[in-house]
**Q** 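Got a structure for you, questions after.
In what follows, chains are A, B, ... by sequence order, proteins preceding strands, each numbered from 1.
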Amino acid sequence: MSKANTVVVLDFETTGLSPAYGDRAIEIGAVRIEGGEITDRFQKLMNPGRLIDPFIENYTGITNDMLKSARPCKEVMSEFAYFIGDHNLVAHNASFDKRFLDAEFKRVSKKYTGKFACSMLLSRRLYQDAANHKLATLVRYAKIPSDGDFHRALYDSEMTAKLWLAMLEHINSHYGLSSIPFTLTQKLTKTSKHHVSKFLKSRA
DNA sequence: TGCCAGGCCCTCTTTAGGGCCTT
C-alpha cells in the first residue's frame, strides 16, 4: 500500500536524449523517501544491446566494458517496477526521466500508477535567485553536503531526494506548512513564479 | 556532442523565437 507521504526519486542514465529516436536506458538509480528520510535504494546498470558512444562514456563514467556484463533492460525494468510500486515519483527535469520510464516500461508491458513531480520546476519557484537550476548547482545552493560523482544514477537520485527534502523544509520554514501533500508540490510547479508566495501563504 | 528531443518559460509574445534542463 502507498503511504501518502512516500515518494520514489529516480534518475536514468541513457544513451542520449530521446527514446523516440532510439535512445535507451543504461542505468537506473532511485531512492524511496518515507517520513522525510531515505529508507531504501535501487541501482542497476542495463545492457542496451548496443555500444554507447564516447560522449556518454565520458559524461557518465559508464563504459561499454561495464555494460557488457550488465543484465538487459527488460530484466532490470521488471525489478524496478516492483521497487516503485504505486508510489508517486520525483525526478530532476522529470519530463526527461518520464519519457524513458514510459518507453522502457512499454517494452516490457509494465505500468505504474504514481504521478510525477519535478524538482527542477519546483526549484525555479523556490530558489529564484540560484545561478541556474542544474542539479549540482542547486545542491551547492541549498548547502547539501556532496562528495560523490554527479551523472551516476544512484548519486543523482540521492542528491535530488535531498534537494527535494530541502525544498519541502524551505516551504515549511518560510510559510509554516509542515505537512505538504504531493499534490501541492504539483500545483506549485504549475504556478507562475511571481505568484508562489501568494499561493503558499493562502495554504498556510 | 549533435545535421539529432521535448517541455517549460521568458519576452523585443500569442500569426514566435530562443534559452534552460535532462543524457
**Q** Quick one, which residues of residues 113-122 of chain A touch DNA chain B with a heavy atom under 4.0 Å?
**A**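 Within residues 113-122 of chain A, the residues near DNA chain B are A/M120, A/L121.
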**Q** Among all residues two or more places apart in sequence or in another chain, which pass the ring-ring contact (aromatic ring centres under 6.0 Å, His included) test with A/Y59?
**A**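 By the ring-ring contact (aromatic ring centres under 6.0 Å, His included) rule, A/Y59 matches A/F55, A/H151.
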**Q** Heavy atoms within less than 4.0 Å of DNA chain B: which residues of residues 44-51 of chain A have one? Give them sorted by number.
**A**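 By residue number: none to list.
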**Q** Applying side-chain contact (heavy atoms from CB on, under 4.5 Å), name anything that partners A/S18, two or more places apart in sequence or on another chain.
**A**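 Result, side-chain contact (heavy atoms from CB on, under 4.5 Å) vs A/S18: A/A20, A/Y21, A/D23.
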**Q** Output all residues satisfying salt bridge (Lys or Arg N to Asp or Glu O under 4.0 Å) with A/K44, sequence neighbours left out; order by chain, then residue number.
**A**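 In terms of salt bridge (Lys or Arg N to Asp or Glu O under 4.0 Å), with neighbours along the sequence ignored, A/K44 is linked to A/E79.
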**Q** Taking salt bridge (Lys or Arg N to Asp or Glu O under 4.0 Å) as the definition, give me every residue that meets it alongside A/E27, ordered by chain and number, with sequence neighbours left out.
**A**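 In terms of salt bridge (Lys or Arg N to Asp or Glu O under 4.0 Å), with neighbours along the sequence ignored, A/E27 is linked to A/R152.
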**Q** Classify A/S192 by what it touches in the nucleic acid, base, sugar-phosphate, or nothing, heavy-atom distance under 4.0 Å.
**A**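 Nothing: the residue A/S192, judged by heavy atoms under 4.0 Å, touches no strand.
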**Q** Is a donor from one side chain sitting under 3.5 angstrom from an acceptor on the other, for A/D86 and A/Y112?
**A**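 No pair is found: no donor N or O on one side chain lies under 3.5 Å from an acceptor on the other.
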**Q** Any side-chain donor-acceptor pair under 3.5 Å between A/Y155 and A/S146?
**A**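 Judged by distance alone, the side chains do pair up.
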**Q** I'd like to check the salt bridge (Lys or Arg N to Asp or Glu O under 4.0 Å) partners of A/K68; sequence neighbours left out, ordered by chain and number.
**A**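 A/K68 satisfies salt bridge (Lys or Arg N to Asp or Glu O under 4.0 Å) with A/D65 once adjacent residues are dropped.
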**Q** Just call it for A/F12: base, sugar-phosphate, or nothing, with non-hydrogen atoms closer than 4.0 Å on any strand.
**A**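 Sugar-phosphate contact only - A/F12 comes under 4.0 Å of backbone atoms but never of a base.
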**Q** Sequence neighbours excluded, which residues qualify as salt bridge (Lys or Arg N to Asp or Glu O under 4.0 Å) partners of A/D53?
**A**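 A/D53 satisfies salt bridge (Lys or Arg N to Asp or Glu O under 4.0 Å) with no other residue.
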**Q** Going by heavy atoms closer than 4.0 Å, what residues in residues 126-135 of chain A are next to DNA chain B?
**A**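 By residue number: A/N132, A/H133, A/K134, A/L135.
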**Q** Which residues, if any, of residues 91-99 of chain A bring a heavy atom under 4.0 Å of DNA chain B?
**A**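 DNA chain B contact set from residues 91-99 of chain A: A/H92, A/N93, A/F96, A/R99.
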**Q** Grab the N/O contacts between the protein and nucleotides 12-14 of chain B below 3.5 Å, and write none if there aren't any.
**A**
none

**Q** How would you label the contact of A/D23 with the nucleic acid (heavy atoms, under 4.0 Å): base, sugar-phosphate, or nothing?
**A**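 Answer is nothing: A/D23 stays at 4.0 Å or more from every strand.
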**Q** Indicate whether any N or O donor in one side chain lies under 3.5 Å from an N or O acceptor in the other, for A/E34 and A/N5.
**A**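 No.
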**Q** Given B/dT23, B/dG6, B/dC9, which nucleotide is nearest the side-chain atoms of A/A20?
**A**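 From the listed options, B/dG6 comes nearest.
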**Q** Scan residues 140-159 of chain A against DNA chain B and write down, sorted by residue number, each residue with any heavy atom closer than 4.0 Å; if none is found, say none.
**A**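 Residues of residues 140-159 of chain A that come under 4.0 Å of DNA chain B are, in numerical order, A/H151, A/D156.
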